[in-house]
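The figures here come from the full heavy-atom set of this structure, side chains too, leaving out hydrogens, waters and symmetry mates.
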There are 2 protein chains.
Amino acid sequence: MMKALPRTKIRDQAAERIKEHIVARKLLPGDRLPTETELAETFGISRLSVREATKALEFLGIVRAKTGVGLTVGQIELPRVAEHLGFHPALHCADPQQLIDSRVIIETGVLSHVTRRMADDDSIRKKLQKLVDQFRSARDLKTWIELDIEFHRTLLESSGLTPLVAFGDLLRIFFQRFRESVKKAEWKVGIDSHQCIVDHLAAGDVAQAAAELRTHIESHRERIR
Amino acid sequence: MMKALPRTKIRDQAAERIKEHIVARKLLPGDRLPTETELAETFGISRLSVREATKALEFLGIVRAKTGVGLTVGQIELPRVAEHLGFHPALHCADPQQLIDSRVIIETGVLSHVTRRMADDDSIRKKLQKLVDQFRSARDLKTWIELDIEFHRTLLESSGLTPLVAFGDLLRIFFQRFRESVKKAEWKVGIDSHQCIVDHLAAGDVAQAAAELRTHIESHRERIR
DNA sequence: AGCGATCAGATTGTCAGATAATCTAACGAG
DNA sequence: CTCGTTAGATTATCTGACAATCTGATCGCT
């Protein structure tokens with residue numbers, strides 16, 4: 001199996017060896033890996049150092065650990081990785097205008113997928129409509145924010161494109177503080193926009209829905225300049 | 001500072017708290033974090049459990065540790081992430097068709113930004129053209145792949161929207177294996193597509209450039225079904 | 001005064017030994 | 001046959017400790 005270790009940080013070497021083991025054996029998600037104790041013996045290191053390595057790999061989904069059972073090969077899910085993209089300088093230091101532009105591109109870009117799926121599944125329209133109705137009867141900023149977020153997320157989800165849902169979630173985190181500065185009158189406009197977007201989508205009119213959505217998202221532009 | 005912990009895996013909670021701390025304090029790369037011992041005291045857990053959390057974060061670059069000094073904030077570096085994720089594409093859990101759709105949306109979505117900037121800065125066109133020329137004179141798969149990646153990345157970069165560049169880099173990691181199965185004749189078609197895209201962009205024709213780019217990216221669709 | 005060497009203190013890296021928590025399979029009772 | 005219990009296996013977390021590395025302060029020499 002694997003041979004004992006040379007240099008650098010012991011846990012990093014262990015992590016590399018585990019990866020090598022997975023590749024060499026052509027292991028797939030769900031396949032069993034040696035136990036922590038076995039790995040510790042094989043590498044000639046402490047079990048806790050093995051754990052440091054496996055927790056690192058586990059963070060990315062490469063390895064799965066189950067108490068009482070053992071270690072298995074995991075799988076790498078894009079949304080989980082995307083989640084941490086928030087610590088990438090491009091997001092962390094992003095210009096607010098870029099956040100707006102990025103949201104516009106993503107959200108208008110998925111609309112053709114939304115309308116196509118909406119044509120087959122009316123529950124999509126119903127779900128969005130329900131959010132608009134809830135928004136209309138909401139009375140405080142906190143709820144408006146939650147419902148606005150929910151609406152836009154549901155829109156992305158309705159496309160079925162999980163990578164973009166993940167990315168939208170990420171942008172949302174950085175966008176949060178801008179929502180908090182929206183005035184009461186502007187939230188009312190926002191409700192009408194959401195309704196308008198749902199109506200255009202229901203009619204299969206991607207271009208009009210996109211135009212409305214763009215205007216809606218860009219309404220933040222002046223306020224956050 | 002941070003308060004003591006409730007539930008689930010203790011190390012995972014610790015990792016989340018550390019991330020929250022970084023975000024709440026608006027910490028930047030290089031900024032000091034509490035020491036392992038301090039974190040252990042604050043969270044009311046063992047120092048080794050703190051280490052399991054920090055090693056996980058360190059694997060992605062979010063945290064840096066230096067013997068004798070302490071912990072600092074790091075940042076996500078996608079080449080490092082790519083290395084970790086790319087070692088065994090069989091572990092990737094991302095629907096290929098969704099990757100294609102997402103790429104189409106992102107890359108066509110930035111084109112109006114590219115043409116606008118290209119009108120003011122001819123070096124953008126020159127840079128893209130140079131990549132096409134290099135592509136045309138390349139003779140092996142590895143170089144074709146590199147240049148294709150470089151072209152698409154440059155396209156995103158040319159928009160000036162750094163969040164989308166980072167996200168495009170992430171998508172690329174999951175897309176890598178599909179590039180490797182492209183046949184020689186298809187790479188030649190790819191070269192002409194790149195040229196066509198550059199020409200349309202130079203002419204300020206976003207719609208045509210978008211159509212060509214969509215066709216180019218979607219050329220993968222049948223092969224990776 | 002400036003430079004280099006040494007040392008003390010701080011912090012991470014790794015370990016040994018141990019108990020707690022969770023899962024699975026086997027066995028026994030109804 | 002089904003359900004409950006138990007034993008064994010393995011991960012989750014802990015205490016206590018020493019090793020390795022870094023940084024800043026101090027001292028000695030030129």
Side-chain angles (χ1 to χ4, degrees), chain A residues 1-19 21-22 27 29-75, chain B residues 1-19 21-22 25 27 29-75 80:
Chain A
M1 198 171 71
M2 291 176 280
K3 57 184 183 250
L5 299 166
R7 224 177 323 173
T8 74
K9 295 282 160 62
I10 280 184
R11 67 177 174 267
D12 292 334
Q13 294 174 51
E16 284 307 307
R17 287 300 171 87
I18 292 166
K19 282 163 64 183
H21 175 83
I22 292 170
L27 299 182
D31 289 346
R32 287 297 308 267
L33 289 167
T35 64
E36 291 176 355
T37 306
E38 285 169 347
L39 291 173
E41 282 167 5
T42 300
F43 297 158
I45 63 176
S46 136
R47 190 179 134 238
L48 290 196
S49 294
V50 168
R51 286 183 61 80
E52 288 188 7
T54 57
K55 291 323 131 192
L57 293 173
E58 202 172 341
F59 203 65
L60 277 179
I62 295 173
V63 165
R64 295 262 171 91
K66 200 167 185 182
T67 308
V69 180
L71 302 174
T72 54
V73 178
Q75 56 187 9
Chain B
M1 198 175 67
M2 289 176 279
K3 59 188 183 239
L5 300 165
R7 227 178 322 174
T8 76
K9 295 286 163 59
I10 280 182
R11 67 176 177 267
D12 292 333
Q13 294 173 53
E16 284 306 308
R17 287 300 172 85
I18 293 167
K19 280 159 64 184
H21 176 82
I22 293 171
R25 300 257 179 142
L27 298 181
D31 288 347
R32 287 298 305 269
L33 288 167
T35 64
E36 291 177 355
T37 305
E38 285 169 346
L39 290 172
E41 282 168 6
T42 300
F43 296 156
I45 63 175
S46 130
R47 189 178 140 238
L48 290 198
S49 293
V50 167
R51 287 182 59 82
E52 288 188 7
T54 58
K55 294 319 134 195
L57 294 173
E58 202 171 340
F59 206 62
L60 276 181
I62 297 175
V63 166
R64 297 265 172 87
K66 198 167 186 182
T67 307
V69 182
L71 302 173
T72 55
V73 177
Q75 63 188 13
R80 179 177 172 78

query = Can you check the A/L57 CG to D/dT11 P distance for me, whole Å?
reply = 14 Å

ask   = Taking the side chain of A/A65 as its heavy atoms from C-beta onward, which of C/dT11, D/dT11, D/dT13 lies nearest to it?
value = D/dT11

request  = May I have the distance from A/E58 (atom CD) to D/dT13 (atom P), rounded to whole angstrom?
outcome  = 10 Å

ask   = Atom CD1 of A/I22 and atom CG of A/L33: how far apart are they, to the nearest 0.5 Å?
value = 5.0 Å

request  = May I ask you to verify if any side-chain N or O of B/K55 is less than 4.0 angstrom from the OP1 or OP2 atom of C/dG13?
outcome  = yes

task = To the nearest Å, give me how far apart CD1 (B/I10) and P (D/dT13) are.
result = 5 Å

task = Give a yes/no on whether any side-chain N or O of B/K66 is located under 4.0 angstrom from OP1 or OP2 of D/dT23.
result = yes

query = A/R47 side chain to A/E41 main-chain N or O, any donor-acceptor pair under 3.5 Å?
reply = no

ask   = Tell me: CZ of A/R64 to C1' of C/dC23, nearest whole Å?
value = 17 Å

message = What is the distance, to the nearest angstrom, from the CZ atom on B/R32 to the C1' atom on C/dT12?
response = 11 Å

Nucleotide nearest B/L48 (side chain, heavy atoms from C-beta), chosen from C/dT14, D/dA12, C/dT12 = C/dT14

ask   = Within the structure, does a side-chain N or O atom of B/S49 lie under 4.0 Å from either OP1 or OP2 of D/dC14?
value = yes

ask   = So what does B/S46 hit on the nucleic acid, given a heavy-atom distance under 4.0 Å: a base, only sugar-phosphate, or nothing?
value = base

Nearest-neighbour nucleotide for the B/I45 side chain, C/dT11, D/dC14, C/dA21 considered = D/dC14

key: Salt bridge B/E52-A/K55, side-chain N to carboxylate O under 4.0 Å   = no

task = May I have the distance from B/E41 (atom CD) to D/dT15 (atom P), rounded to whole angstrom?
result = 11 Å

key: Side-chain N or O of A/T37 closer than 4.0 Å to phosphate OP1/OP2 of D/dT10   = no

ask   = Can you tell me how far P of D/dA9 sits from CD of A/E38, to the nearest Å?
value = 12 Å

key: Inter-residue atom distance A/R51.CZ - A/L71.CG, 0.5 Å rounding   = 9.0 Å

query = Is B/R11 touching bases, backbone alone, or none of the nucleic acid, heavy atoms closer than 4.0 Å?
reply = sugar-phosphate

query = Between C/dC15 atom C1' and A/E36 atom CD, what is the distance in whole Å?
reply = 15 Å

inquiry  = Taking donor-acceptor contacts at under 3.5 Å, does the side chain of A/R47 reach the base of C/dG17?
reply    = no

ask   = Which part of the nucleic acid, if any, lies within contact of B/L71, taking any heavy atom under 4.0 Å across all strands shown: a base, the sugar-phosphate backbone alone, or nothing?
value = sugar-phosphate

query = Is any side-chain N of the basic residue among B/K9 and A/E58 closer than 4.0 Å to the acidic one's carboxylate O?
reply = no

ask   = Mapping A/V50 and A/V69 onto DNA chain C by nearest heavy atom, which one lands closer to the 5' end?
value = A/V50

